[in-house]
Amino acid sequence: MLKHYNIDGQDFSIAGEASSDFKRRLKKLGISPDVIRRVAIAMYEAEINTIIHGGGGECDAEVSNDKITVTFTDHGPGIKDIDLAMQEGYSTATEQIRELGFGAGMGLPNIKNYTDDMEIETEVGKGTVVRLIVKL
Amino acid sequence: MKVSEYIKLGGYELLTKSDYGDREIDGCYTGDLLSWVMGRAEEDNVWITVMSNINIVAVASLSGAACIVLAEGVSPDEGVIKKADAQDIIVLRSDKTAYELCADYFKFTNNDKL
Ligand SMILES: Nc1ncnc2c1ncn2[C@@H]1O[C@H](COP(=O)(O)OP(=O)(O)O)[C@@H](O)[C@H]1O
Ligand SMILES: [Mg+2]
């Protein structure tokens, strides 16, 4: 199964829609609850980052024989220091974003904890690609 | 414990249209930072929070929470209940503090999880 989603960078009220839709599809495919939960958590964090940091973008989600691969692509500001960004609690989110409950600096660490593999390709001023893999 | 029993024991207010009363609860988590909830709450937990914006629905849905309990009598933002109903998420409310609601849960379950 291959799914493509556009991630709106303006509308916070629909944040998580791609993750919710993909979760429903995984359920229908009969994927194990543990795998679904891990994909849902990691995907939500990446989706939120695409919105609040990347200004919106795209998501491609694929189920193959042995794994689930989800890729988020944005053309936002990029990440200057990936090691720093991966640290628990590090966040550049604005006060306004924090008031919504985001910006705890736990998104990337959550993605790492809940996936089997994660890759970040980023260039300052160009954008960011985050790929997460959960094995079946 | 089922959600219906939990609502009755606590005298909580049901804001969504159905309590899906037979939904099983297993454990309890409290917090307002969404990434903490995503990363630390467990499947079928009661989630106690004062965060009341629309994003709590997706977080509850994706983390597998049994229900959301809004503490301190907070009112959900516009659209929250409609979205929760559409996604079969149960939202409750109480005037109690998050601490008191956790203490309630502790009492109802005879401390069997701590
Ligand atoms: N897609 C992205 N584009 C630009 N910066 C990003 C992106 N994703 C993450 N970051 C940077 O990494 C930091 C840490 O991300 P994360 O752990 O998800 O925490 P949070 O989103 O709560 O700030 C962010 O504050 C931001 O500076
Ligand atoms: Mg984040």
Side-chain angles (χ1 to χ4, degrees), chain A residues 7-8 11-27 32-49 51-53 70 85-91 93 96-115 132, chain B residues 16 20 23-27 29-72 74-91 98:
Chain A
I7 313 293
D8 187 328
D11 189 356
F12 287 162
S13 72
I14 55 164
E17 216 103 294
S19 307
S20 297
D21 179 79
F22 195 59
K23 182 181 180 181
R24 273 192 294 276
R25 287 169 192 278
L26 293 180
K27 256 191 197 156
S32 86
D34 174 61
V35 167
I36 293 179
R37 186 179 147 75
R38 289 167 57 212
V39 170
I41 291 170
M43 192 171 165
Y44 180 73
E45 294 288 4
E47 183 176 353
I48 293 299
N49 282 353
I51 296 167
I52 67 177
H53 305 300
V70 187
M86 288 300 301
Q87 278 179 23
E88 289 192 3
Y90 176 81
S91 176
Q96 191 197 345
I97 297 279
R98 283 171 206 259
E99 274 168 14
L100 294 173
F102 299 119
M106 294 291 290
L108 294 176
N110 275 349
I111 296 172
K112 192 166 176 53
N113 286 340
Y114 281 95
T115 56
L132 52 99
Chain B
T16 37
Y20 305 95
R23 172 80 200 245
E24 275 292 334
I25 292 172
D26 184 15
Y29 187 86
T30 183
D32 305 315
L33 299 178
L34 302 180
S35 285
W36 279 87
V37 179
M38 280 311 266
R40 300 291 167 87
E42 287 168 16
E43 189 93 15
D44 300 328
N45 278 187
V46 168
W47 173 26
I48 297 165
T49 184
V50 293
M51 196 54 81
S52 55
N53 70 66
I54 191 90
N55 297 293
I56 61 175
V57 179
V59 170
S61 167
L62 290 164
S63 69
C67 61
I68 300 171
V69 188
L70 296 174
E72 315 252 11
V74 300
S75 291
D77 291 359
E78 210 189 311
V80 169
I81 299 306
K82 205 168 147 216
K83 185 166 181 178
D85 276 332
Q87 302 202 0
D88 296 350
I89 297 297
I90 305 163
V91 183

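Here is the naming used below: chain letters follow the sequence lines, and residue numbers restart at 1 for every chain.
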Taking all atoms of both residues into account, what is the closest heavy-atom pair of Gly16(A) and Leu62(B), and its distance?
-> O-CD1, 4.3 Å

If you look at every heavy atom in Leu34(B) and Phe102(A), which pair is closest and at what distance?
-> CD1-CE2, 3.5 Å

Tell me, for Met51(B) versus chain A, whether the close heavy atoms (under 4.5 Å) come from the side chain, the backbone, both or neither.
-> side chain

If you count heavy-atom pairs under 4.5 Å with chain A, which of Ile56(B), Ile54(B), Val37(B) comes out on top?
-> Ile54(B)

With 3.5 angstrom as the limit, list the donor-acceptor pairs from chain B to chain A, or say none if there aren't any.
from     : atom 1 : to        : atom 2 : distance (Å)
Leu34(B) : N      : Gly101(A) : O      : 2.9
Ser35(B) : O      : Asn110(A) : ND2    : 2.8
Ser35(B) : OG     : Glu45(A)  : OE1    : 3.0
Ser35(B) : OG     : Glu45(A)  : OE2    : 2.9
Gly39(B) : O      : Tyr114(A) : OH     : 2.6
Ala41(B) : O      : Arg37(A)  : NH2    : 2.8
Asn53(B) : ND2    : Leu100(A) : O      : 2.9
Ser61(B) : O      : Lys23(A)  : NZ     : 2.8
Ser63(B) : O      : Arg37(A)  : NH1    : 2.6
Lys83(B) : NZ     : Ser13(A)  : O      : 3.1

